[in-house]
There are 2 protein chains.
Amino acid sequence: MTIDEDCHQDCPGLLPEPAVDELRLEAVLHALADPTRLRIVADLAWAGGDELNCLAFELPVTKSTLTHHFRVLREAGLIRQHRRGTSKMNTLRVGDLAARFPGLLDAVLAAAEPCFTTPKPAAH
Amino acid sequence: MTIDEDCHQDCPGLLPEPAVDELRLEAVLHALADPTRLRIVADLAWAGGDELNCLAFELPVTKSTLTHHFRVLREAGLIRQHRRGTSKMNTLRVGDLAARFPGLLDAVLAAAEPCFTTPKPAAH
DNA sequence: CTCGTAGTTTGACAGATCTCGTAGTACGGC
DNA sequence: GCCGTACTACGAGATCTGTCAAACTACGAG
């Protein structure tokens, strides 16, 4: 059933995603405009390039909803998804986004950070 | 005749808008995610701070829709609206946005520019 | 005062979006 | 082979959004 066209030469299990020159600004902004997705992107950014599976995020939504948001992010080109066993690993496409929309992701993350800074042992 | 009766402190006819510290990232991103509104913002940016009335934009929508989009932009804090006779002048809140979300507007405009630099009907 | 211009308000509607629950698929461990 | 985990697919419902048309207000020019 699954023809697995996502099986490129180097990365089996890589799910289809837009190429760098196919990234659309509207889609990226729309994907980032949702608080749940913005949170996911921020978490991925803090992971520093590490892969995170879909359930590694503590979000107040069900798995179905999470799947939906991850697909929106992937189809907008913000994240890369890669099957690995029963899990699906997610990474931010930092380089691709910086190449296509220089400074955009950095500015969004810098603006979003104050909203999500939970661990802050500095004060108190 | 034009007495500053409803002037808050400086500008009579200024429509209500969120303060700088009330700007919400989601709202800004959501406002920018629509192609019509992104176009308006880009046009205002190119105006270089000049005021533009609502009908100065050549957009394929009716006046009602335009009013709707301008309100979304103003309530998100992206533009400032100021009554002037029968017209309503619009300006980008460049400084406020840069103060609250440094680099965000610049990055968006830089990313949006290639989409709009060809307003002429080009063979696709 | 009358008229035209600029913009608003309202209601309506189609389509998108977010969310969920349930059922289903894919994979690894036993 | 069987079961649990991780995720997906399929509705379905509620809300939001973009769009329009028509009626309305506000202002300035004659």
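Quick note: numbers below take in every heavy atom, side chains included, and nothing from hydrogens, waters or symmetry partners. Chain naming here is simple, since letters A, B, ... match the order of the sequence lines and numbering starts at 1 in each. The structure presented is a predicted model; accordingly, all values stated were derived computationally and were not measured.
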(request) Provide, to the nearest angstrom, the distance between the CE atom belonging to Met89(B) and the P atom belonging to dA26(D). (result)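 About 20 Å, once rounded to whole Å.
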(request) Test for a donor-acceptor pair under 3.5 Å between the base of dA22(D) and the side chain of Ser64(B), counting only N and O atoms. (result)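 Looking at the base of dA22(D), it does pair with a donor or acceptor on the side chain of Ser64(B) (distance under 3.5 Å).
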(message) Any donor-acceptor pair, under 3.5 Å, between the side chain of Thr86(A) and the base of dG28(C), if you only look at N and O atoms?
(response)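 No.
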Is the phosphate of [N] approached by [X] (side-chain N or O, under 4.0 Å from OP1 or OP2)?
| X | N | answer |
| --- | --- | --- |
| Thr65(B) | dG18(D) | no |
| His30(A) | dA16(C) | no |
| His69(B) | dT17(D) | no |

If you only use heavy atoms from C-beta on, which nucleotide in [options] is closest to the side chain of [X]?
| X | options | result |
| --- | --- | --- |
| Val61(B) | dT19(D), dG7(C), dA6(D) | dT19(D) |
| His68(B) | dT19(D), dC20(C), dT19(C) | dT19(D) |
| Asp34(A) | dC20(D), dC7(D), dC18(C) | dC18(C) |
| Arg37(B) | dG18(D), dC18(C), dC20(D) | dG18(D) |

(request) Using heavy atoms to find the nearest nucleotide of DNA chain C for Pro60(A) and Arg74(B) separately, return the residue whose nucleotide is more 5′. (result)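 The residue closer to the strand's 5' end, by nearest nucleotide, is Arg74(B).
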(request) Determine, for Arg80(A) against Asp96(A), whether the closest basic-nitrogen to carboxylate-oxygen distance falls under 4.0 angstrom. (result)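 Between Asp96(A) and Arg80(A) there is a salt bridge, with a charged N closer than 4.0 Å to a carboxylate O.
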(message) Looking at dA12(C), which nucleotide sits across from it as a Watson-Crick or G-U wobble partner, both distances under 3.5 angstrom, or is there none?
(response)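 Paired with dA12(C), as far as the under-3.5 Å criterion goes, is dT19(D).
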(request) Would you mind pulling out the nucleotide paired to dT25(D), Watson-Crick or G-U wobble, both distances under 3.5 Å? (result)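 Pairing partner, where one exists within any strand: dA6(C).
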(request) Classify the side-chain pair Thr62(B)/Thr65(B) by whether it contains a donor and acceptor separated by less than 3.5 Å. (result)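 Thr62(B) vs Thr65(B): donor-acceptor pair found between side chains.
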(message) Could you check whether any side-chain heavy atom of Arg100(B) comes within less than 4.5 Å of a side-chain heavy atom of Arg24(B), counting everything from C-beta outward?
(response)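 A side-chain contact is absent here, since even the closest heavy-atom pair is not under 4.5 Å.
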(message) Testing the basics here: between Pro18(A) and Leu23(A), what is the closest heavy-atom pair and its distance to 0.1 Å?
(response)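 Heavy atoms of Pro18(A) and Leu23(A) come nearest at CG-CD2, 3.9 Å.
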